[in-house]
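Bear in mind that the values here come from a model prediction, so they are computed numbers and not experimental data.
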Amino acid sequence: MGIFRGYIIEELKNSAKKLGVPADTLESLEFNVEPPTKSDLDADYTSNIAFKLARHLKKNPKLIAEELRETLSENLNFSQVQVGGNGFLNFKLSRGGELVERVIKDALFGKLRIAEPNPRKVLFEFVSANPTGPLNVVNGRAATIGDILANVFQRAGHQVSREYYVNDLGGQIEKLADSVLARLKQLLGEDVPLPEGGYPGEYLIDIAKKFMETHSGDLKLPDEVLREKLLKFTIDEIVSWQRRSLERFGVRYDTWFRQSQLTGELKKVMRILEEKGLLYQEDGAIVFKTTVYGDDKDRVVRKRDGTWTYFAYDIAYISNKYSRGFQYLLTILGPDHHGYIKRLLAATKALGYDPETHEILLHQLVTLTYGGKEVRMSKRQGKFVTLDELLDSVDRDVARYFFITRLKDTHLEFDVELALRASMDNPVYYVKYSHARICSVFRKGNLTDEEVESLASSLNLRELLEEREFEVIKAIDEAYSSLRSAYLLREPYYLTLWAYNAAYAFHKFYDTCKIIGSKRQDIRLVISLAFKRRLSDWASIVGVSLPEEM
RNA sequence: GCGCCUGUAGCUCAGCUGGAUAGAGCAUGGGAUUUCUAAUCCCAGGGUCGCAGGUUCGAAUCCUGCCAGGCGCGCCA
């Protein structure tokens, strides 16, 4: 929540109590305390509490605001409390005092976190691309969102696990097997065409080559056996590519879970559904009555040919996740899966789990552009931009940052040209530069972080600050609100928004407030260190590095 | 046809649990540098919030209908 905002909220509640508002209505009031949107307003925070109270008290909001203001005017932590507009309460904070000291100390010694009364064991599943080829740019977006949200959840005290689901069974995998076998035969000099609808990508040739080198003894085996061995080799190979790409991108998984591990669980869940009378036969297939739980139509779980559908395995997978002790499941899917949500939740319900503990998030696509011109991606044509190709040209931090500069629900336009420009119009560098500047100041002053830290203990941190110094303090404290928004709305975007605004406050401070050699040197060093530590803490959530110099 | 997402400044987007004169970055024009790194800071111009109704003290925000774009509607995964 942040020290400043939290304090104002408490004070407003106390004031409202004095006006005779019952405690329980106050708890359910849901009023805001936020920075004003009007920039010409002389206030740090503004609250709509009077509007919300107006409904309960049946009184003019402006009158209520006036009454609240009366009770707050003596408070030394506010230099000004005003009623504006039709009833907004506008707060200007004192530029020094106990609250400021608390913010500085919190940034110096504390860690960003969220008060979550109900911490749980949470499983994050994200990316989970088929092991049929390299990861692409959209997978990169999913990876970033999932990884950062997992970090955010950790800050709320949840015990988080990251999992990648490997779909190593099914029709696509059979096609993969046929494709790579054809490539191998071609390499062995046979005139074999690629199968219809197979995977034409050149990367399968590389895999076939590697197989030839490492498994030369197996090449004479009968086709069936050879195909089996080659397929296993291929999947392992592609999964390790994917893992390497993700690690290069700064994303590490706790578990790589294979669909083929679910065969036992599958029988178990089907028995459960059977016992509940949720399965029926149709044209030789087995169908699950998902409509009972709100799906648009019933879904086939076993095909007429006797094989299980992908969905059937997913039911088993859900059961498996819960049975491993996870209390909350978070699954991040691409936009092409939105029709899938209802049936996944139907499965959750049918298995007897609370659908409230299974959250499915969607993110939208990524359009890659180069100087405004769209770069087309098509997996079918074997022509698409891989995550590795992107990382070959674009800095990892820039890529991560770009992926969350938009809400996940909107299409993201990733301009490679802009990302490549290491200049002022690239927001990542703007943020990094603020860190580099602080390091530079400390170097100039021949000071380590620890030395600056010890200055803090001998300094009066309640003294009145100059306006731009105080703006940095306020920005430091606002990190809590951004983390909270990111958590509650499941939107990493708010984290980048904070970083930009905070860096702006710092650059502005730096611009006019000389540090080394100034009369205010010590307090400014401490403010800089507080900012630096808060920014580093932020960077560990977002997963970007901060340079000592640029 | 049905479902999900989107439509706000020239461009990319915030704001959407209803509240003040609708914001930011980029781009454009102007200004600041014997600098703790100017990868910075300051100023300016720029808007029928897709369209039309409705709800109310008040709508970019909620409801309905329409228009436009993206994606999805398999016994594929």
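- A parallel orientation is assigned to the rings of A:Phe531 and A:Phe506, their planes being inclined by less than 30° (bins at 30° and 60°).
- Looking at heavy-atom distances under 4.0 Å, A:Lys303 makes contact with a base.
- Using Watson-Crick or G-U wobble geometry with both donor-acceptor distances under 3.5 Å, B:G1 finds its partner in B:C73.
- Classification of the A:Tyr340-A:Tyr310 ring pair by plane angle, with boundaries at 30° and 60°, yields tilted.
- Taking atom C1' in both B:A20 and B:G53, one finds a spacing of 27 Å when rounded to whole Å.
- Applying the 5.5 angstrom centroid cut-off and the 30 degree plane-angle cut-off, the aromatic ring of A:Tyr430 is not stacked upon the base of B:A39.
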Quick one, give me the B/S/- string for nucleotides 1-9 of chain B, reading 5' to 3', where B means a protein heavy atom under 4.0 Å from the base and S means that only happens at the primed atoms, P, OP1 or OP2.
--BSS----

Got a list of protein N/O to nucleotides 57-61 of chain B N/O distances below 3.5 Å?
none

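- Annotation: of the two residues near RNA chain B, A:Glu548 and A:Gly339, the 5′-most nearest-nucleotide partner is A:Glu548.
- Checking B:G58 for Watson-Crick or G-U wobble geometry (two distances, each under 3.5 Å) identifies no partner in any strand.
- Closest-nucleotide positions on RNA chain B for A:Arg302 and A:Tyr510 were compared, and the one nearer the 5' end corresponds to A:Tyr510.
- Within the shown strands, nothing qualifies as a pairing partner of B:G45 under the Watson-Crick or G-U definition with both distances less than 3.5 Å.
- Using atom P as the reference point in both B:A32 and B:G46, the two lie 24 Å apart (nearest Å).
- Looking at the side chain of A:Gln172, the nearest of the listed nucleotides B:A77, B:A20, B:A14 is B:A77.
- Among the protein residues, A:Cys439 comes within range of no part of the nucleic acid, since none of its heavy atoms lies under 4.0 Å from any strand.
- At a threshold of 4.0 angstrom between heavy atoms, the contacts of A:Lys514 include nucleobase atoms, whether or not backbone atoms are also involved.
- Between the P atoms of B:U55 and B:G1, the separation comes to 29 Å (whole Å).
- Remark: A:Arg490 is positioned above the aromatic ring of A:Tyr487, its terminal NZ or CZ atom under 6.0 angstrom from the ring centre and at most 45 degrees off the axis.
- As the counterpart of B:A24, B:U12 is assigned, both hydrogen-bonding distances of the Watson-Crick or G-U wobble pattern falling under 3.5 Å.
- Comparing B:C36, B:C75, B:G15 by their nearest atom to the side chain of A:Tyr494 picks out B:G15.
- Separation of the P atoms belonging to B:G3 and B:G65 is 9 Å when rounded to the nearest angstrom.
- Ring orientation note: the planes of A:Phe402 and A:Phe414 are tilted relative to one another, at an angle of 30° to 60°.
- At the phosphate of B:C42, OP1 or OP2 sits under 4.0 Å from a side-chain N or O atom of A:Tyr504.
- Between A:Phe257 and A:Tyr317, a ring centre-to-centre spacing shorter than 6.0 Å is recorded.
- Tested against A:Tyr165, the residues A:Thr331, A:Val127, A:Leu262 include a single side chain to side chain contact (heavy atoms under 4.5 Å, CB included) partner, A:Leu262.
- A 3.5 Å limit on both hydrogen-bonding distances identifies no Watson-Crick or G-U partner for B:A39.
- When the nucleotides B:A77, B:C75, B:U40 are ranked by their closest atom to the side chain of A:Tyr433, B:U40 comes out on top.
- An OP1 or OP2 oxygen of B:C42 is reached within less than 4.0 angstrom by a side-chain nitrogen or oxygen of A:Lys508.
- When distances run from any side-chain atom of A:Val441 to the nucleotides B:C36, B:C75, B:A77, the shortest one goes to B:C36.
- Only the P atoms considered, B:A24 is 24 Å distant from B:A39, to the nearest whole Å.
- Straight-line distance between the P atoms of B:U12 and B:A22: roughly 23 Å, to the nearest whole Å.
- Distance from the side chain of A:Leu407 is smallest for B:G15 among the nucleotides B:U12, B:G15, B:A77.
- At a threshold of 4.0 angstrom between heavy atoms, the contacts of A:Gly84 include nucleobase atoms, whether or not backbone atoms are also involved.
- Heavy atoms of A:Asp314 sit nowhere under 4.0 angstrom from any nucleic acid atom.
- Pair assignment for B:U17 gives none, since no Watson-Crick or G-U wobble pairing has each distance under 3.5 Å.
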